[in-house]
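Keep in mind that this is a model prediction, so the values were computed, not measured.
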Amino acid sequence: MNLKSMFRKLAPFAALLGLGSPAYAEEAVLDRSDADPALWVLSDDDTTIYLFGTMHALKTDLVWFDDAVSEAFGKSDELVLEMLPPPPEEMAGFVQSAALAKPGNGLSKVLTPDQYARFEAAASSIGLPAQALEPMQPWFAGVTLATAPLQQLGYSAEAGAEQVLQEAATERAMQMVGLETFEQQMGFFTGLSQEDQVAFLMSGVDDMGEMQQTFADMEKAWAMGDTAATAELLNEGMEDTPKLHEVLLKNRNAAWAEWIDTRMKAPGTVFVAVGAGHLSGDDSVQSMLSAKGLTATRIEY
């Protein structure tokens, strides 16, 4: 099972918890003072909905909240995100009840000796003692390994698109809506079989050496509006795991397209911001909307 794309797709959920060819993203030069992430719009006589693909963690020097994005946001009276952050005590309770293994069933009991040795080496390479992760469920250890290097590499969830948009919306007293609940998003982790959890963890372990380049490529593709590269970097290989593709992308995109279809029947201007991987690829939200007779047009800027 090829779970590299699953690792890339699920890891951002824990951090908080996404456009041309990959070659274009690698060769073009990014002006960090003038990033232009992709933005779409659909509208009728009395309703306008903007679709904006986000990155959950970014470097603080990347300037993207300007030009067409800022203009569209300024026209909007409602911000729609994948999920509104729950109270800290709710998150702490979830970790205690669902992210930690039962006593005596830690990682050293679940992983084979070879797997544990590789896991231990990967954790050590980013300054995490394996014993600190021992009590975790494999999926939680996986997302911990995925997000731990972010700060070391200069990425910040506070600089991520969702956080920036939420702060701007709060300043304007905008209405904010979550498409999913915290429980739903965490269910993507807890619903995995132990076999898939271990495979997810080990995929991250084996990709640890590529982390710096992977994050750099994802940020660059997003910042340059390269949807093809975004689809490949975030969603690559999902076809090899049909169940995960259906649960993590297709079903969620279909549900969000249904929400947008319904919202189009009420007046107003809405700014929908979801992970960039959901707005790229064959099963994107835009494709789901097209099947409903709704056209999302990319805004060139």
Side-chain angles (χ1 to χ4, degrees), residues 4-19 25 35 37-40 49-59 62 64-65 69 73 79-85 143 146-147 150 155-166 169 176-182 184-189 200 214-215 217-238 241 244-260 270-289 296 298:
K4 178 179 286 189
S5 63
M6 171 181 153
F7 184 72
R8 291 173 176 171
K9 181 64 187 173
L10 286 179
F13 281 110
L16 334 163
L17 69 186
L19 345 163
L39 177 70
W40 293 262
I49 297 181
Y50 295 101
L51 298 179
F52 180 63
T54 65
M55 288 293 289
H56 304 304
L58 295 165
K59 291 187 176 181
L62 187 68
W64 59 269
F65 194 24
V69 177
F73 184 83
L79 172 62
V80 178
L81 301 168
E82 290 186 28
M83 177 195 76
L84 298 182
V143 295
T147 56
L150 286 174
Y155 297 91
S156 167
E158 285 71 25
E162 288 89 351
Q163 185 63 32
V164 171
L165 292 170
Q166 285 181 74
M176 286 189 273
V177 175
L179 293 168
E180 297 170 339
T181 66
F182 175 68
Q184 283 177 303
Q185 289 213 344
M186 292 303 98
F188 299 138
F189 294 106
F200 168 56
T214 295
F215 281 122
D217 289 345
M218 288 193 295
E219 184 191 54
K220 186 174 184 178
W222 177 81
M224 300 190 76
D226 189 342
T227 55
T230 294
E232 180 168 337
L233 288 164
L234 293 178
N235 303 336
E236 178 189 13
M238 290 293 284
T241 54
L244 291 170
H245 177 85
E246 183 175 344
V247 171
L248 297 176
L249 283 174
K250 189 173 182 178
N251 290 352
R252 298 172 73 206
N253 291 354
W256 298 350
E258 185 66 30
W259 186 95
I260 292 169
V270 183
F271 194 93
V272 177
V274 297
H278 294 282
L279 302 183
S280 56
D282 294 337
D283 287 322
S284 66
V285 172
Q286 299 95 311
S287 295
M288 303 291 186
L289 289 170
R298 181 158 177 180

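- Looking at heavy atoms from C-beta onward, Met83 lies out of side-chain contact with Met186 at the 4.5 angstrom threshold.
- Among Ile49, Val272, Ile260, Leu51, the one residue that satisfies the side chain to side chain contact (heavy atoms under 4.5 Å, CB included) test with Val80 is Val272.
- Atom CE of Met55 and atom OG1 of Thr230 lie 7.5 Å apart (nearest 0.5 Å).
- Of all heavy-atom pairs between Ala35 and Leu62, the closest is CB-CD1, 3.9 Å.
- In terms of modelled atom types and a separation under 3.5 Å, the side chain of Glu82 and the main chain of Gly275 share a donor-acceptor contact.
- The minimum heavy-atom distance between Phe52 and Ala161, with the atom names listed, is CE2-CB, 4.3 Å.
- Side-chain atoms of Gln163 do not come within 3.5 Å of backbone N or O of Gly160 as any donor-acceptor pair.
- Using a 4.0 Å cut-off between charged side-chain N and carboxylate O, Lys59 and Glu219 make no salt bridge.
- In this structure, Met288 CE and Lys250 NZ are separated by 6.0 Å, a value rounded to the nearest 0.5 Å.
- Asn253 places a side-chain N or O within donor-acceptor distance of the main-chain N or O of Asp283, the cut-off being under 3.5 Å.
- To the nearest 0.5 Å, atom CG of residue Leu81 and atom CD of residue Glu180 are 11.5 Å apart.
- The two atoms that bring Pro85 and Gln166 nearest to each other are CD-OE1, 3.2 Å, heavy atoms only.
- The two residues Leu279 and Gln286 come nearest to each other via the heavy atoms O-NE2, 3.1 Å.
- Contact annotation: the side chain of Trp40 never approaches that of Val285 to less than 4.5 Å [non-hydrogen atoms, C-beta and beyond].
- Aromatic ring orientation, Phe271 versus Tyr50: tilted (interplanar angle from 30° to 60°).
- Between Gln184 and Leu179 the shortest heavy-atom distance is OE1-O, 4.4 Å.
- Here the closest non-hydrogen pair linking Val164 and Phe65 is CG1-CD2, 3.7 Å.
- The backbone N or O of Gly53 lies less than 3.5 Å from a partner atom in the side chain of Trp222, making a donor-acceptor pair.
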